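Below is one structure, written out as structure tokens; the observations come after it.
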Amino acid sequence: MYRRPGGMLSGFRLDDRPMPPLAPRPLPLLALFLLLLGSVGIAAGWVLSSQAVGGQASWIAVLAALDAALMLRLGTMRPGWARAAAAVAGTMLAIGLANWGIVASEMGAPMGLLPWESLFRLGPGFVWLLTKLANGPVDFAWWGAALVVAAVASR
């Protein structure tokens, strides 16, 4: 908006040419790329942490949620429901990748396979079965809390 000499706001410039329309904001590709990168990175750290402590380390899901919110903010995605949904999706991706990696490392070690070698040899049904067997109600509560933290922290 421009201020006319009389102090009134107008949608026209001082020489009365109409203003060009605002360009639509591009898709937040940088934010989504950073979210994907952050989710994969935190999942790799989660797998290493679980190997170090000898358990599931499900509390790292909350760190994954905070990481997802931070990545979307760094990618300059606008606040709102879209960013909250993207953060929840990124957190779910990190939880899924981490549990897949934990199962792959536990199943591949007795067979002499490295974790990244056994990642692609496991099917999703088998991974889900072993994830349900290895995690208890407390672990699922951590995951649920992480999804709530992702939604709240990214809005």
Side-chain angles (χ1 to χ4, degrees), residues 1 9 11 19-155:
M1 296 284 194
L9 293 176
M19 292 175 47
L22 295 175
R25 189 172 176 125
L27 288 174
L29 294 179
L30 176 64
L32 297 178
F33 174 72
L34 288 175
L35 179 65
L36 178 65
L37 190 66
S39 296
V40 171
I42 198 83
W46 188 346
V47 171
L48 291 174
S49 297
S50 72
Q51 292 297 313
V53 299
Q56 295 297 323
S58 294
W59 56 271
I60 297 178
V62 176
L63 296 178
L66 294 173
D67 180 60
L70 177 66
M71 290 296 156
L72 290 173
R73 286 177 194 240
L74 289 175
T76 65
M77 189 171 184
R78 289 184 180 174
W81 289 107
R83 187 163 83 178
V88 169
T91 304
M92 290 171 53
L93 177 66
I95 291 170
L97 288 176
N99 281 289
W100 196 298
I102 291 169
V103 168
S105 64
E106 293 295 326
M107 292 304 297
M111 293 184 268
L113 296 173
L114 295 171
W116 52 87
E117 291 174 339
S118 62
L119 270 175
F120 302 107
R121 295 176 186 236
L122 301 173
F126 185 59
V127 169
W128 176 241
L129 174 69
L130 292 179
T131 299
K132 286 191 306 186
L133 290 174
N135 294 299
V138 174
D139 299 312
F140 289 111
W142 276 113
W143 298 353
L147 297 178
V148 172
V149 167
V152 171
S154 62
R155 291 220 50 226

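All residue numbers refer to positions in the sequence shown, counting from 1. Values in this document were obtained by computation on a predicted structure and should not be read as measured data.
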* Kindly indicate, with the supporting measurements, whether the criterion side chain to side chain contact (heavy atoms under 4.5 Å, CB included) is fulfilled by V138 and S58. => CA-CA 8 Å; V138 174; S58 294; over 6 Å; no
* **Worked verdict on M111 versus S118 for side chain to side chain contact (heavy atoms under 4.5 Å, CB included)** => CA-CA 9 Å; M111 293 184 268; S118 62; 6.0 Å; no
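The line from CG of L35 to CZ of R83 is 11.5 Å long, rounded to the nearest 0.5 Å. Rounded to the nearest 0.5 Å, atoms CH2 (W46) and CD (Q51) are 13.5 Å apart. Taken from CG in L72 to CG in D67, the straight-line distance is 9.5 Å, to the nearest 0.5 Å. For the atom pair CG of L114 and CD of E117, the computed distance is 4.0 Å after rounding to the nearest 0.5 Å. The distance from atom CG of L147 to atom CE of M92, rounded to the nearest 0.5 Å, is 6.5 Å. The structure places CG of L122 at 11.5 Å from CD of E106, a figure rounded to the nearest 0.5 Å.
Heavy atoms only, all atoms of each residue included: I42 and A94 are closest at CG2-CB, 3.7 Å. Residues A153 and R73 share a closest heavy-atom pair of O-NH2, 2.6 Å. The two residues R155 and A84 make their nearest non-hydrogen contact at CG-CB, 3.7 Å. Nearest approach of A150 to T91, heavy atoms of both residues: CB-OG1, 3.3 Å.
Here W100 pairs with nothing under the ring-ring contact (aromatic ring centres under 6.0 Å, His included) rule; sequence neighbours left out. Not a single ring-ring contact (aromatic ring centres under 6.0 Å, His included) links F126 to another residue, sequence neighbours left out.
Using a distance-only test at 3.5 Å, with no hydrogens or angles considered, no donor-acceptor pair links the side chain of S39 to the main chain of L36. When atom types are taken as modelled, the side chain of S50 and the backbone of A57 share no donor-acceptor pair closer than 3.5 angstrom. A donor-acceptor distance shorter than 3.5 angstrom exists from the side chain of N99 to the backbone of I95, with no hydrogens or angles considered. Of the possible polar contacts, one joining the D139 side chain to the G136 backbone as a donor-acceptor pair under 3.5 Å is found.
For residues 135-155, every residue pair satisfying the ring-ring contact (aromatic ring centres under 6.0 Å, His included) rule, not counting sequence neighbours, is listed here: F140-W143.
Of the candidates L37, L34, L66, M71 forms a side chain to side chain contact (heavy atoms under 4.5 Å, CB included) with just one, namely L34.
Sparse packing is recorded around CZ of R121, with 12 or fewer heavy atoms of other residues, nucleotides or ligands lying under 6.0 Å away.
P115 has its side chain out of reach of V47: every pair of non-hydrogen atoms, C-beta onward, lies at least 4.5 Å apart.
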